[in-house]
Amino acid sequence: MRDGNEAAAGAALLSWYDAQARVMPWRVGPADRAAGVRPDPYHVWLSEVMLQQTTVAAVRDYFRRFTARWPGVADLAAAEDGAVMAEWAGLGYYARARNLLKCARAVAAAGGRFPETAEGLRALPGIGPYTAAAVAAIAFDEPAVVVDGNVERVVARLWAVETPMPAAKPALIDRAGRLTPRRRPGDHAQAMMDLGATICTPRNPACALCPVSDFCAAKAQGIAAELPRKTPKPEKPTRFGLAYVAFAPDGGVLLERRPDKGLLGGMLGFPGSDWAETAPAPCPPLAADWTPLSHEVRHTFTHFHLRLRVFVAQTEGEGFTPKSEFSPAALPTVMRKVWDLAEAGALPRRGDAPAPRDI
DNA sequence: AACTCGTGGAC
DNA sequence: TGTCCAAGAGT
């Protein structure tokens with residue numbers, strides 16, 4: 001990209017965007033947009049929070065379920081914590097769900113309308129620089145500079161920024177700002193992100209299909225696929241833990257709500273040991289005849305691998321969750337894997353078929 | 001300023 | 001298989 005070409009590149013990008021038909025349930029279609037229909041700020045905010053570090057494909061059904069169950073921010077604000085956490089189960093990064101509720105309640109308490117500027121939005125729980133800018137641009141037409149991972153990559157290539165991440169961030173924000181138009185900033189932001197998601201991809205970018213390839217310095221130098229450069233990540237350690245699944249005669253299950261802070265905070269799970277890099281000591285939640293299962297649960301989090309030994313027992317006790325109130329879908333994925341294994345292991349089985357990989 | 005925090009898909 | 005990666009925020 002050369003100085004002075006920003007407007008031309010931006011126009012090419014927008015016309016490409018207008019020709020796309022990427023259907024997402026939170027977007028206002030081209031016809032409605034042309035008729036002056038604005039996106040619902042609640043929908044924009046909800047989708048942007050769900051999309052933090054999460055793919056469009058993963059978000060789509062969650063967004064539909066949330067909006068069907070809680071059509072407006074006031075409905076969400078009035079929801080019970082457990083209901084929201086259960087609806088979020090499986091989507092990951094559960095602090096987002098806790099902050100989503102805090103934010104909804106703050107907005108509802110302030111009259112039910114979202115702040116209409118990036119600065120105002122930024123003060124709400126769970127809304128950082130990216131989300132504040134995205135909501136302000138898409139819902140309120142503010143020419144805010146929207147910078148996510150896609151934009152960083154697109155901009156790093158357009159200007160052939162070779163500084164490794166994250167040191168390059170300030171320079172990339174500066175470039176993204178030069179490219180942000182005063183008209184249709186929301187569409188511009190979405191166009192940049194769509195371009196990054198579909199054409200200017202991390203590996204094998206489809207430069208032949210790119211609407212701004214003529215402006216791209218990295219393409220001209222033949223280094224598009226190498227940018228943005230980043231420093232190598234440290235290897236993930238493996239941690240070990242124990243999980244105990246107790247079944248009551250009536251089908252009840254022993255579950256616990258995890259503390260609000262930390263890993264899987266606020267979510268349901270099975271009692272068990274801490275997860276450490278050394279072998280955990282047995283710590284059954286109650287006295288019973290615990291049977292160890294032959295397979296273990298494997299799961300990988302952002303920064304460590306986990307291997308869980310699972311124990312099952314048929315027993316009785318206090319505090320079991322009744323069968324009618326338990327849904328495996330309300331569990332975070334690692335706990336759902338424990339459940340799947342325990343449920344199969346608690347049944348008599350022929351032979352000993354190996355469990356699927358990573359379970 | 002690093003570190004923590006999930007998950008599923010693409011290669 | 002494992003690694004990388006995604007529309008980041010909070011601490």
Side-chain angles (χ1 to χ4, degrees), chain A residues 22 24 26-27 43-63 85 88-100 102-103 121-139 144-154 165-167 169-170 173 176 186 188-198 200-205 225 228 230-239 258-267 269 275 298-306 331-337 356-359:
Chain A
R22 297 200 80 206
M24 303 176 199
W26 50 87
R27 272 196 191 168
H43 287 180
V44 176
W45 162 73
L46 179 60
S47 66
E48 289 301 342
V49 172
M50 288 183 165
L51 285 163
Q52 290 167 7
Q53 296 288 285
T54 309
T55 59
V56 168
V59 163
R60 192 172 272 116
D61 288 345
Y62 281 87
F63 177 84
M85 300 312 287
W88 195 278
L91 196 55
Y93 283 137
Y94 298 99
R96 293 184 295 172
R98 300 193 298 273
N99 286 327
L100 189 80
K102 283 187 197 167
C103 181
L121 288 158
R122 179 69 183 79
L124 290 165
I127 299 186
Y130 162 76
T131 306
V135 174
I138 296 169
V145 183
V146 179
V147 182
D148 74 329
N150 289 304
V151 175
E152 286 176 352
R153 185 171 56 258
V154 169
M165 296 293 291
K169 237 166 212 228
I173 293 171
H188 170 79
Q190 293 178 92
M192 290 286 282
M193 296 189 282
D194 282 7
L195 186 72
T198 62
C200 195
T201 50
R203 289 172 292 202
N204 305 320
K230 44 190 64 174
T231 54
K233 293 175 183 176
E235 185 175 326
K236 288 179 183 176
T238 298
R239 295 186 190 172
R258 299 173 63 88
D260 251 357
K261 302 211 169 191
L263 193 65
L264 308 180
M267 298 300 290
W275 301 340
R298 295 189 179 208
H299 190 75
T300 300
F301 292 98
T302 311
H303 52 293
F304 66 94
H305 303 289
L306 178 64
L331 298 173
T333 296
V334 64
M335 293 299 170
R336 190 181 46 70
K337 289 180 181 178
R357 185 180 60 77
D358 213 28
I359 290 188

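Side-chain atoms are counted along with the backbone in the values below, which use heavy atoms only and exclude waters and symmetry mates. Residue numbering restarts at 1 for every chain, and letters A, B, ... go by the order of the sequence lines.
- A:Gln53 places its CD atom 12 Å from the C1' atom of C:dC4, with the value rounded to the nearest Å.
- When each of A:His303 and A:Arg336 is assigned the nucleotide of DNA chain B bearing its nearest heavy atom, the one mapping closer to the 5' terminus is A:His303.
- Comparing C:dT11 with B:dG6, their P atoms sit 14 Å apart, to the nearest whole Å.
- Once you apply a 4.0 Å limit to the heavy atoms of chain A, the touched nucleotides of DNA chain B run 5' to 3' over B:dT4 to B:dA10.
- When rounded to the nearest whole Å, the span between CZ of A:Phe301 and C1' of C:dT3 equals 18 Å.
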(request) Please test A:Asp194 against A:Arg27 for salt bridge (charged side-chain N to carboxylate O under 4.0 Å, His left out), starting from the C-alpha separation and ending with a verdict. (result) CA-CA 13 Å; A:Asp194 282 7; A:Arg27 272 196 191 168; 2.9 Å; yes

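- Put simply, CD on A:Glu152 is 9 Å from P on C:dG8, counting in whole angstrom units.
- Residue contacts for A:Arg258: at a heavy-atom cut-off of 4.0 Å it reaches no nucleic acid atom on any strand shown.
- Among the atoms of the strands shown, base atoms are found under 4.0 Å from some heavy atom of A:Thr54.
- Within the 4.0 angstrom heavy-atom criterion, no nucleotide atom of any strand lies near A:Val59.
- With contacts defined as side-chain heavy-atom distances shorter than 4.5 Å, the pair A:Leu306/A:Val334 qualifies.
- Residue A:Arg153 is classed as a sugar-phosphate contact, given heavy-atom separations below 4.0 Å to backbone atoms only.
- For NZ of A:Lys236, the number of neighbouring non-hydrogen atoms (other residues, nucleotides, ligands) closer than 6.0 Å is greater than 12.
- At least one side-chain heavy atom of A:Leu100 sits less than 4.5 Å from a side-chain heavy atom of A:Leu46.
- Among the heavy atoms of the strands lying under 4.0 Å from A:Gly90 are primed sugar atoms or P, OP1, OP2 only; no base atom is included.
- For the pair A:Met85/A:Arg258, no side-chain contact is recorded, criterion being any heavy-atom separation below 4.5 Å from C-beta on.
- The two residues A:Arg153 and A:Gly196 make their nearest non-hydrogen contact at NH2-O, 2.8 Å.
- The nearest heavy atom of DNA chain C to A:Met193 and to A:Glu235 marks one nucleotide each, and the one closer to the 5' end goes with A:Glu235.
- Between the CZ atom of A:Phe304 and the C1' atom of C:dG2 there is a distance of 17 Å, rounded to whole Å.
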So which protein nitrogen or oxygen atoms get under 3.5 Å of nucleotides 9-11 of chain C's nitrogens or oxygens?
{"unit_1": "C:dA9", "atom_1": "OP1", "unit_2": "A:Gly128", "atom_2": "N", "d": "2.9"}
{"unit_1": "C:dA9", "atom_1": "OP1", "unit_2": "A:Gly128", "atom_2": "O", "d": "3.4"}
{"unit_1": "C:dA9", "atom_1": "OP1", "unit_2": "A:Thr131", "atom_2": "N", "d": "2.9"}
{"unit_1": "C:dA9", "atom_1": "OP1", "unit_2": "A:Thr131", "atom_2": "OG1", "d": "2.7"}
{"unit_1": "C:dA9", "atom_1": "OP2", "unit_2": "A:Pro129", "atom_2": "N", "d": "3.4"}
{"unit_1": "C:dA9", "atom_1": "OP2", "unit_2": "A:Tyr130", "atom_2": "N", "d": "3.2"}
{"unit_1": "C:dG10", "atom_1": "OP1", "unit_2": "A:Gly126", "atom_2": "N", "d": "2.4"}

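- At the heavy-atom level, A:Met24 lies under 4.0 Å from base atoms of the strands shown.
- Residues A:Val151 and A:Asp148 have side chains in contact (heavy-atom distance under 4.5 Å, counting atoms from C-beta outward).
- With the nearest nucleotide of DNA chain B identified for both A:Ala95 and A:Ala57, A:Ala95 has the one nearer the 5' end.
- Summarising the geometry of A:Pro228 relative to A:Met165, their closest heavy-atom pair is CB-CG, 4.0 Å, with the distance given to 0.1 Å.
- Between A:His299 and A:Phe301, the distance separating the two ring centers is shorter than 6.0 angstrom.
- Here the side chain of A:Arg98 pairs a donor or acceptor atom with the backbone of A:Gly265 at under 3.5 angstrom.
- Residue A:Leu91 is in base contact, counting any heavy-atom pair closer than 4.0 Å across all strands shown.
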